[in-house]
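Every chain is numbered from 1, with letters handed out A, B, ... down the list of sequences. Just so you know, these numbers use all the heavy atoms, side chains as well, and skip hydrogens, waters and symmetry mates.
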Amino acid sequence: MHGRPRTAPKPEDAAASAAKAQKLRALQSQFLSYHHSRIYTEEALDASAKLLEINPEYYTAWNYRKLAVEHRVGESGSSPEYVKSIFDEELKVVENALRQNFKSYGAWYHRTWVLSKGHSSLDHELRLLDRFQKADPRNFHAWNYRRFVAALLGRSVEDELQYTEDLIGNNFSNYSAWHNRSMLLSEILKKKEQESSSQDVISKEYEFVLNALYTDPDDQSGWFYHLWLLDQTFKVKAPLLVSSWPVPGFDLVVSGNVSFADHPLSSFSEFTVALERFPVVLYFNQNVEGVNSSTVTIQSTFVQNEDVTWKPLSLQNSPASKVWVGYLDLSGVDHHSSAPYTVEIKLGHHQGIMSSNGLQLSIPFDLSFTVSVKPLETQSSKDEKVAWEEDKFCACETHLQVAIPCLCYDGITVDNKYEPTTSDWQIGTIAEEISQIRNLLAISDSKIGKITLARLLMAHDAMSSPYATKTVHAEEVLGLYSELMKLDPSHYQYYKDERSLVLLQQLLSSRETLLRYCFCYRGITSPSAYGPICLRLNNQSISRMGSFDKLLWVQLLDLSDNELHSIEGMEALQLLRCLNLGRNKLRSFTSLDPLRYLRSLKVLNISHNEIGLHSIDTTRYSCSASPLSHNGEIIWSDDVFPPEDADVTNYWEAFMVFKSLELTQLDIVGNAVTNEKFKSFLLKILPKLQFLDGQNLHQI
Amino acid sequence: MPIGIAASFRFAGPRKEKKKKKLGGARMEPPPPPPPPPLGTTVTQRDQWTVEQEVGRIYSFFAQLPPAAQSFALEVQRDNHIEYLTRGLRGLAPSFGSLDASRPWICYWIIHSLALLGEPIDAELEESIIDFLSRCQDPSGGYGGGPGQLPHLATTYAAVNSLITLGGSRSLSSINRDKVHNFLRQMKQPSGGFRMHDGGEIDVRACYTAISVASTLNILDDELAEKVGDFILSCQTYEGGIAGEPGSEAHGGYTFCGLATMILINEVDRLDLSRLIDWVVFRQGVECGFQGRVNKLVDGCYSFWQGGACALLQKLHPFGLSEGGEDESTDSIDSSLYAASNVSEQEEQENNLESASPQVDGTCQFKQGGPQSASCSENTGNASYNFHERCAEGGSLFNSSALQQYILLCSQLPEGGFRDKPGKFRDFYHTCYCLSGLTVCQYSRSKHADSPPLPWDVVGPYSNLLEPIHPLHNVVLSKYQEANEFFAG
């Protein structure tokens with residue numbers, strides 16, 4: 001009913017409307033009695049027709065008429081003329097009803113029913129549609145019906161296409177016409193796919209829509225059609241492995257069979273990890289399912305393929321994920337032998353790893369690396385604290401840079417002979433669109449134009465470099481988002497988040513740029529002259545994290561002094577030990593959820609965020625449904641139960657994040673949640689904690 | 001409008017009332033405009049231009065009001081809304097009943113609006129509504145648009161939500177759950193979707209109303225949920241939003257229905273959420289309200305359909321945060337609005353905070369999951385119950401303050417009721433969905449659905465604060481919780 005023109009009733013109408021109501025009530029009870037006694041006489045049919053003319057939404061009457069039609073057709077001895085007259089009557093009733101309310105679901109649906117019985121003609125229906133579509137060119141009932149009629153009565157796609165062209169010529173803001181055009185062209189493209197002439201069709205459409213865009217760059221309709229065209233140009237791609245840890249050819253040194261708590265950071269030298277079992281992380285370009293021991297095979301002397309369980313790293317309780325992890329147990333390794341073990345991982349040789357739309361992993365992938373075990377030599381002090389001060393970091397020296405595994409990363413392409421599947425035509429098309437929209441923006445400030453350009457530029461970069469190792473257009477895109485933040489402040493945060501992702505992609509794209517953010521950490525005693533490598537992305541005004549595929553190797557990460565409100569995706573960083581999130585905009589422990597999956601995390605700084613700032617009724621919250629849905633269950637260790645005396649009720653969210661972590665150092669000062677009560681709670685649930693807010697707990 | 005099916009509203013009661021003169025309170029309508037020549041190339045653009053002018057005129061008129069008048073203009077005119085709604089509800093009484101095919105809808109729109117305003121319904125009227133709805137219940141299950149009419153999914157949703165909102169054992173036990181379950185199964189299609197009624201159309205609306213009802217009545221099982229996700233997925237368009245049926249264009253009402261359904265059956269990750277977000281956030285325009293489809297005019301009812309979808313998405317993913325009022329609300333047509341709202345909220349805040357703050361039970365125990373425990377798999381069991389417990393991690397995907405501004409200044413009629421946009425008439429449908437949109441805004445940054453929002457999250461005096469809703473079913477949260485316990489067994 002809404003959207004229909006209505007006029008205010010005049011006072012004198014009140015009496016009339018009461019009388020009308022009275023009449024309608026009588027009509028209705030009469031109708032219901034006919035319906036319930038299955039009476040299908042002329043008189044009874046008349047009553048239902050009258051009722052529907054007044055109220056087309058009276059769906060019971062539509063059903064009654066269907067029954068009546070079937071009854072009368074069955075009785076008629078099937079004289080074709082008589083049957084035709086019965087159905088003609090139905091068409092008339094529908095038309096009357098639509099005149100009363102052309103947004104009536106029941107009336108339109110009744111008409112499809114009559115037509116599916118083989119009555120009426122194309123001409124007749126098109127005339128009817130023209131009338132209603134003139135009155136309201138956006139009426140989706142009419143458009144749905146139009147598509148139904150065209151398909152049923154065999155109206156040619158070309159004729160319908162011409163119709164949309166006429167409507168667009170009349171009013172290029174009529175998005176429903178554009179939308180229907182996309183539906184029609186989808187059919188044409190499906191046919192042409194075999195003839196490979198679809199490219200011409202698409203190119204022509206780009207020209208067509210460009211006309212509309214030039215006429216008014218601020219009108220939304222053309223831009224949405226443009227979006228559809230881009231989708232046609234770049235059809236959904238099969239999943240692809242974009243990154244992994246370890247990277248192929250890597251020589252991994254594991255300082256054997258020790259737990260991190262006994263030997264804090266001193267065990268970092270070159271690229272060494274101290275773990276009893278180490279993670280193999282597979283990072284795909286989209287969510288995939290079906291990663292398991294039959295689709296991924298591992299060959300090595302110390303671990304059986306069947307013993308490795310692959311798990312999706314996803315906060316949602318979903319069987320699909322971009323990131324999958326499997327842990328290789330090192331207990332079978334001889335710690336006294338220094339000979340490296342070779343591990344070979346093969347995936348994609350058998351079907352099974354596939355995206356949500358059913359596409360299989362496009363390219364098989366072989367990954368081989370070595371693992372050697374090195375006994376630990378240094379005995380560092382237990383009380384060593386990680387401090388994030390500026391003077392603790394120094395530039396990475398050249399010989400160390402080699403050890404940063406990400407830098408061998410381009411190798412993934414070479415080793416596996418990855419051929420970009422993007423055709424010249426696609427690259428050409430996108431380049432052409434980029435230049436067209438740049439021209440357009442030279443004469444207009446269209447917001448949606450700027451967004452489209454930003455996305456086109458990123459798409460262009462992604463196509464020319466599927467592993468995001470070249471970001472030719474990043475500067476321009478950053479500029480566009482900065483402009484949009486000013487032009488359209490109501491979507492400020494949206495643009496800011498998009499901008500952050502582009503910025504990260506730029507910072508992490510190549511060896512040269514990345515090295516600028518790699519530092520040696522010298523804050524702890526270390527056997528070598530240099531300390532472990534820390535990636536410092538602090539102070540970049542990043543509001544959202546991304547590009548995790550480039551960070552799988554990272555063990556120390558400094559993200560302080562940003563504007564992060566979320567660390568979604570960080571669950572991929574399975575090696576992460578020290579994380580600085582100080583002075584960001586995190587608002588709750590729930591936003592730290594990804595940390596639950598980081599079993600190596602020992603040192604965490606979340607000081608000076610906004611945790612607890614928001615008014616929360618924690619008591620009530622934890623009463624009603626605290627152990628909530630256990631959403632995203634990857635519980636690494638056995639389910640942890642809270643110590644009996646811990647005040648879990650009041651700090652349920654904190655408990656959920658910290659329960660599976662074995663933190664040795666935590667900075668949490670400067671959050672609204674922090675008080676003595678909370679600190680004592682933390683001490684209970686984090687028994688391995690040595691430092692809390694810089695204070696050595698062992699010296700109290 | 002995706003769900004409502006009322007066509008003949010004019011019988012629901014006289015639409016025009018005498019204007020009440022308030023002491024000292026000038027009506028907040030600006031003086032009539034000089035008719036300017038519309039700009040724009042196409043009809044659509046000219047219409048859009050006219051609406052922008054009209055809305056802009058209201059905002060600039062507002063901007064030059066003295067602070068006290070601004071504060072008054074932003075106030076939810078509770079008494080007048082309650083009067084308008086109550087009068088409508090009385091008009092629904094049995095003697096007047098069953099005039100059209102959407103009586104349960106009108107019941108729901110009014111009862112829910114009153115519940116949002118925290119206004120109880122008198123016992124006698126409540127009795128007669130329960131009786132009336134019982135007469136709409138089909139002997140074989142489900143509710144029709146009136147007594148004797150075929151059961152219909154949309155009216156079943158409206159009736160069930162109405163009865164839940166009334167609450168109490170008489171109301172809740174009047175619902176024959178087994179029969180409703182039966183009806184839902186009959187409407188279920190092999191393709192996964194649902195039919196609105198026997199021989200009726202199959203669309204996203206039908207899926208939502210069926211799954212929502214099944215979830216609130218704790219009768220959602222694998223059979224009902226099977227392949228619903230496939231159907232919804234086939235309705236997500238390249239635009240990002242969700243259409244009513246495959247091949248149609250994306251639409252605000254269906255987008256809410258589709259998204260809420262996917263959350264209820266725990267399959268929301270199958271949707272292309274990033275594209276959905278792209279689509280929905282840009283449906284909020286310069287008028288500060290939402291449009292329902294690309295290049296359509298703003299309409300107050302999408303405050304709920306689109307605003308509510310944003311609020312759901314915010315709960316799913318930590319996204320675009322901005323805290324406090326200052327930095328992000330600058331886009332409003334006149335920022336003095338916020339100054340005005342801040343002045344008034346301080347005065348009002350004290351005496352109204354407690355009305356909204358939930359009752360705290362001193363004794364707590366751990367329970368696994370909510371009290372709901374239907375005979376269905378893990379997959380769908382507690383999705384609904386737990387969802388409202390999830391907090392909105394980030395800030396807003398939409399500009400909540402701006403939307404409240406549109407609802408209060410452009411949709412609200414000071415004499416009671418809400419409308420689509422300036423120049424249109426009020427009706428119960430728009431009153432219901434404008435108020436629902438308003439409560440979604442007010443609590444959209446709240447960590448938990450039932451914790452009181454901060455003063456700056458509520459535009460206008462803090463007394464504007466409405467009751468929180470369960471965002472998937474659009475019933476008042478405390479009523480949902482009561483029903484949830486009632487149907488847990």
Strictly distance-based, threshold 3.5 Å: is any side-chain N or O of [X] a donor or acceptor partner for the main-chain N or O of [Y]?
{"X": "B:His197", "Y": "A:Thr60", "result": "no"}
{"X": "A:Asn63", "Y": "B:Asp198", "result": "yes"}
{"X": "B:Tyr238", "Y": "A:Trp228", "result": "no"}

**Item:** Student check: side-chain heavy atoms of A:Tyr105 and B:Met196 closer than 4.5 Å
**Value:**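 Not in contact.
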Please look at [X] and chain B and tell me whether the side chain, the backbone, both or neither of the residue comes under 4.5 angstrom of a heavy atom of that chain.
{"X": "A:Ser182", "value": "side chain"}
{"X": "A:His491", "value": "side chain"}
{"X": "A:Ile451", "value": "side chain"}
{"X": "A:Tyr64", "value": "neither"}
{"X": "A:His36", "value": "side chain"}
{"X": "A:Asn171", "value": "both"}

**Request:** Could you list the residues that satisfy salt bridge (charged side-chain N to carboxylate O under 4.0 Å, His left out) with A:Arg138, not counting sequence neighbours?
**Result:**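 Listed in chain order: B:Glu249.
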**Request:** With rounding to the nearest 0.5 Å, note down the distance linking OG in A:Ser221 to CZ in B:Arg293.
**Result:**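 Reported to 0.5 Å precision, the distance equals 11.0 Å.
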**Prompt:** Excluding sequence neighbours, so at least two apart, what forms ring pair (Phe, Tyr, Trp, His ring centres under 6.0 Å) with A:Trp178?
**Reply:**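 Scan of A:Trp178 (ring pair (Phe, Tyr, Trp, His ring centres under 6.0 Å), adjacent residues dropped) gives A:Phe208, A:Tyr225.
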**Asked** Out of A:Phe224, A:Tyr494, A:Trp223, which one pairs with B:Phe282 under the ring-ring contact (aromatic ring centres under 6.0 Å, His included) rule?
**Response**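 Output: one option passes, namely A:Tyr494.
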